[in-house]
Trainee: 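This is the structure I have questions about; it appears just below.
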Amino acid sequence: MNRALEVLKERGFVQQCTDFEGLSRLMDEGPVTFYVGCDPTGPSLHIGHMVPFFAFRHLVQAGHHGIALLGGGTARIGDPSGKTEMRKLISYEAIDENTDRFIAQLNRFLGFDGTHARTANNKDWLANLNYIEFLRDIGRHFSVNRMLSFEAYRQRMETGLSFIEFNYQLLQSYDFLELYRRHGCRLQIGGDDQWGNIVAGIELIRRVEGAECYGLTFPLVTTSDGKKMGKTEKGALFLDPAMTTPYEMFQYFRNVSDEDVGRFLLMFTFIPTEECRRLAAGKDAELNRAKERLAWEVTALIHGKEEADKALTAAHAAFGGEGDVSQLPTVEIERSRFEEGIGVLDIFVTAGLAASRSDARRLVQQGGASINGERVMDEKAVVTLAHLQEGALMLRAGKKRVCRVVCTE
RNA sequence: GGGGAGAUUCCCGAGCGGUCAAAGGGGGCAGACUGUAAAUCUGUUGGCUUUCGCCUUCGAAGGUUCAAAUCCUUCUCUCCCCA
């Protein structure tokens, strides 16, 4: 088998492929142009989007040419795949703005140089599509009966599927065709929920151009307890540091389940396969260390080594060791308020460690609140200047959530 | 267009005139145990005060009633059947 393909397989990226042998042969012959699509429906990419882009990097490393296709056009419609509800329509302006942000984030990760890695936006060919022509040239190749048999649409038959969403598959197929025509793109990769759309695109190209293209999908990454990977209480793990701090991202990976360490190392880092296996095979403390390595690597890939180091040292500081406290989540409170005295309940709320005073009260009652490492038992306790150590103090809610409070003038 | 069913607290889902801040499950949070893991057990889970209590919530707006999530009217949305 082709080496690059084999690497993907070893690392757990492969879920389905339309024709393994054929693709392998094609890749052996020389650089293959491939693409991954993603619709800019939100203000930031999140970690779940990244699986195909990790594969993207592996492929580019092996000499193939990747296109990151931004769905500036398809985002106007909404993909029903894997969704149980209809998507809200997003304004064109928002989509364009999201697109720019996605590109910037991807550029950091992939390094677009215009040949080995480049971007495209399907808005360029979809936005001004002529409806009649599209139906004549493209629409006639699609069978409604066939489409309805696809799992993605069948599920939606229960809850309702609007006509515009139903057309998504045609547009995505058309994307593949366009990229084939413009750039000789022969392979589409993506999450397994895209399987139906990918296959449809391949068939379209075969009918219209008589050419053979390929599709490769990746498993939908879930955590060992069956949840979608990268979901936190606050939502997804975003790449935008303003939405998810590097520290939060670090902590997410630092806290993954034992069973997930191996898989995540393989998929979300570029540590050699052998080493990933070795790291994940460790027991107890060793395995625990592997999680730290995983967290650092991922954070470094997304936010850079510097941020990863900061997150690491902050984590050490937060969890009973030496480290740089200044990188922990921090809030500022004016000196005058310390002079007056701040109720514990209030300070936990302002620090964001409790949702409300009632919540803070519960926290204290259950023994989960501490200041500078001292458990707070009295909900009426008052925080004053005396609590400050070098102008700051450390609040802790439970074992994992910490916040540093800095006194300002 | 006609007929039917339904909208409950983060989610699912009971409740069908007072005893309802609303059962149960899930999830979340906290404690114990630990390895910043999992599993398990315990507690907790609208807000304000914690002593009594008060306030806001059961799709939206009105109405009936001493009293409504529970009854009536209108509206919005969803699903199902027929066209």
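Below, read A as the first sequence line, B as the second, and so on, with proteins coming before strands; counting in each chain starts at 1.
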Trainee: Does the pair A:Arg278/A:Glu274 count as a salt bridge with the N-to-O cut at 4.0 Å?
Mentor: no
Trainee: On the ring face of A:Tyr180, is A:Arg186 found with NZ or CZ under 6.0 Å from the centre and within 45° of the axis?
Mentor: no
Trainee: Under 4.0 Å from OP1 or OP2 of B:A38: is there any side-chain N or O of A:Ser257 that close?
Mentor: no
Trainee: Can you work out whether A:Lys291 or A:Glu379 has the more 5'-proximal nearest nucleotide on RNA chain B?
Mentor: A:Lys291
Trainee: Between P on B:U49 and NZ on A:Lys380, what's the gap in Å once rounded to a whole number?
Mentor: 11 Å
Trainee: On RNA chain B, does the nearest nucleotide to A:Val256 precede the nearest nucleotide to A:Gly368 from the 5' side, or the other way round? Give the residue.
Mentor: A:Gly368
Trainee: Could you measure between the two C1' atoms, the one in B:A14 and the one in B:A60, and give it in whole Å?
Mentor: 24 Å
Trainee: Classify the nucleic acid contact of A:Glu292 as base, sugar-phosphate or nothing, counting any heavy atom under 4.0 Å across all strands shown.
Mentor: nothing
Trainee: What is the nucleic acid contact for A:Arg289, judged by heavy atoms within less than 4.0 Å: base, sugar-phosphate only, or nothing?
Mentor: nothing
Trainee: Pairing check on B:A67: which nucleotide meets the Watson-Crick or G-U wobble criteria with it, both distances under 3.5 Å?
Mentor: none
Trainee: For A:Gly71, does its backbone N or O pair with a side-chain atom of A:Lys123 as donor and acceptor, under 3.5 Å?
Mentor: no
Trainee: Please state how far atom CD in A:Glu259 lies from atom P in B:A38, giving the value in whole angstrom units.
Mentor: 9 Å
Trainee: Taking the P atom of each, how far is B:G15 from B:C66, in whole Å?
Mentor: 28 Å
Trainee: Which is true for A:Arg362 with a 4.0 Å heavy-atom rule: it touches a base, it touches only sugar-phosphate, or it touches nothing?
Mentor: sugar-phosphate
Trainee: Rounding to an integer number of angstrom, what distance separates B:G43 and B:C79 when you compare their P atoms?
Mentor: 41 Å
Trainee: B:U49 P sits how many Å from A:Gln365 CD, rounded?
Mentor: 13 Å
Trainee: Considering every strand shown, what is the Watson-Crick or G-U wobble mate of B:U76 when both distances are under 3.5 Å?
Mentor: B:A7
Trainee: Between A:Asn288 and A:Arg254, do the side chains contain a donor N or O and an acceptor N or O under 3.5 Å apart?
Mentor: yes
Trainee: How is A:Ala355 classified with respect to the nucleic acid when contacts are heavy atoms under 4.0 Å: base, sugar-phosphate, or nothing?
Mentor: nothing
Trainee: Quick one: do the A:Gln172 and A:Gln188 side chains pair a donor with an acceptor below 3.5 Å?
Mentor: yes
Trainee: Please state the C1' separation for the pair B:C72 and B:C82 - nearest whole angstrom.
Mentor: 29 Å
Trainee: Take atom P in B:C75 and the same atom in B:C11, then report the distance between them in whole Å.
Mentor: 27 Å
Trainee: Determine the Euclidean distance between corresponding C1' atoms of B:U70 and B:A21; express it in Å to zero decimal places.
Mentor: 15 Å
Trainee: Pick the C1' atom in B:G6 and in B:C55, then give their distance to the nearest Å.
Mentor: 30 Å
Trainee: Answer with base, sugar-phosphate or nothing: what part of the nucleic acid does A:Arg375 contact at a heavy-atom distance below 4.0 Å?
Mentor: sugar-phosphate
Trainee: In this structure, how many angstroms lie between the P atom of B:A39 and the CG atom of A:Asp260, rounded?
Mentor: 11 Å
Trainee: Among the candidates B:U49, B:G47, B:G31, find the nucleotide nearest to the side-chain atoms of A:Lys399.
Mentor: B:G31
Trainee: Tell which nucleotide pairs with B:C20, taking only Watson-Crick or G-U wobble pairs whose two distances are both under 3.5 angstrom.
Mentor: none
Trainee: Answer with yes or no whether the side chains of A:Ser326 and A:Asp324 bring together a donor and an acceptor at under 3.5 Å.
Mentor: yes
Trainee: Taking atom P in both B:C80 and B:U73, compute the distance separating them and give it to the nearest angstrom.
Mentor: 26 Å
Trainee: For B:U57, which nucleotide is its Watson-Crick or G-U wobble mate, given both distances must be under 3.5 Å?
Mentor: none
Trainee: Rounded to the nearest Å, what distance is computed from the NZ atom of residue A:Lys283 to the C1' atom of nucleotide B:A37?
Mentor: 14 Å
Trainee: Out of B:G35, B:G43, B:G47, which nucleotide sits closest to the side chain of A:Gln366?
Mentor: B:G43
Trainee: If you measure from the Lys or Arg side-chain nitrogens to the Asp or Glu carboxylate oxygens, is any gap between A:Arg146 and A:Glu203 under 4.0 Å?
Mentor: yes
Trainee: Expressed in angstrom and rounded to an integer, what is the separation of A:Phe348 atom CZ from B:C29 atom P?
Mentor: 16 Å
Trainee: Let's test this: given Watson-Crick or G-U wobble pairing with both distances under 3.5 Å, identify the partner of B:U40.
Mentor: B:A32
Trainee: In whole angstrom, give the distance that lies between atom CG of A:Asp359 and atom P of B:G46.
Mentor: 10 Å
Trainee: Can you tell me if A:Ser358 touches the phosphate of B:U49, counting only side-chain N or O atoms and a distance under 4.0 Å to OP1 or OP2?
Mentor: no
Trainee: What is the distance from CZ of A:Arg401 to C1' of B:C29, rounded to the nearest Å?
Mentor: 7 Å
